[in-house]
Amino acid sequence: MAIIVNLDVMLAKRKMSLTELSEKVDLTISNLSILKTGKAKAIRFSTLEAICEALDCQPGDILEFREDE
Amino acid sequence: MIEKIKDWMVWAETYLLWGMIIVLVGLSVIFIWEGINDFRTFNQIMQDEPITGLDESEIKKINLSFTRIETESGRYRYASVRNLVYHKSQDEIAATLQQADADSPIAGISSSPSFLINEQHTDFWRTQFILRLVLHYGGLILLCIFFGIFGYLNLKQDNKLLTREVEQLLGASFFLAFMGWIGYYMLNRWTIRFLNSEFNLAESTAALGPNEIFFTMLGLMLAYSLIAKAVPVQEEQDLTV
């Protein structure tokens, strides 16, 4: 996968649990887990906006492009 | 308020599923009872003992009718075949009528001809009846079971229709309908071969399975191909957060 999701890194930086984030962004824990573990195929702008707002960060802090080896 | 509505919907769905299962179990019991009843009636028609309170007993199922008539001159049994496709021309009918005696039965003129059942033919008609009965009621009961599984899967997967399990269920239904159609085709063909050899009926052996099963099969195939295409889209949708 060329797009890496750094949600776990941002959660650790903000010292926030997944449960706490799920309550703030109104998403289920299972959906956030899909995103965190890199299983997600796509992310909605509204989800990205809510996560950025909750974690006080930029989209680039959560998503990262890395070339396939 | 929204939470309460959601809770109520979950309860309603659960009760709906139980209601559906009870209806399907009830239907299955009715089909089994009807099958046993038809089998008893058939045995009554075939037995030699007089039928109490009846001088005629008839069973009309699965394109075959069996009738027993008790008259002063004797006891007669005959089988009527309803799905013969071959029709004789007017000239042939006229020739047959001219040659026939007043007392002899004329077979094969109408689309539902009747054939007297003698001792030699009893085994054939019995086998035909039992196989068609099993195919008919067995198919209906399987349909109930499939609807039950479909309802259960639907509820278990949050009312999602486009899932791999539903796709597999539809695939299995299509296969069963196809087997049923083949089964009827073989039975019809066997009947026609028998009639042709025993009664010189000259019926075409290119008999087809019943149209109802054929169209069910087409519908299932269409639904299966649509769901098979939609499931990957749904799966991708499920992985969109």
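Being a predicted model, the structure only gives us computed values, none of them experimental. Just so we're on the same page: letters track the sequence lines, and every chain starts at 1. Note: hydrogens, waters and symmetry copies are ignored here, and every other heavy atom, side chains too, is used.
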Would one find more than 12 heavy atoms of other residues, nucleotides or ligands at under 6.0 Å from atom [atom1] of [X]?
X	atom1	result
B:R40	CZ	no
B:F178	CZ	no
A:E53	CD	no
B:F147	CZ	no

* Which atoms of A:I34 approach chain B - backbone, side chain, both or neither, heavy atom under 4.5 Å ->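 Side chain only.
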* If you look at every heavy atom in B:V241 and A:L35, which pair is closest and at what distance? ->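 Answer, listing the atom of B:V241 first, then A:L35: CG2-CD1, 3.6 Å.
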* Closest approach of A:R44 to B:T240 (non-hydrogen atoms, all atoms of both residues) ->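 Taking every non-hydrogen atom into account, NH1-O, 3.7 Å.
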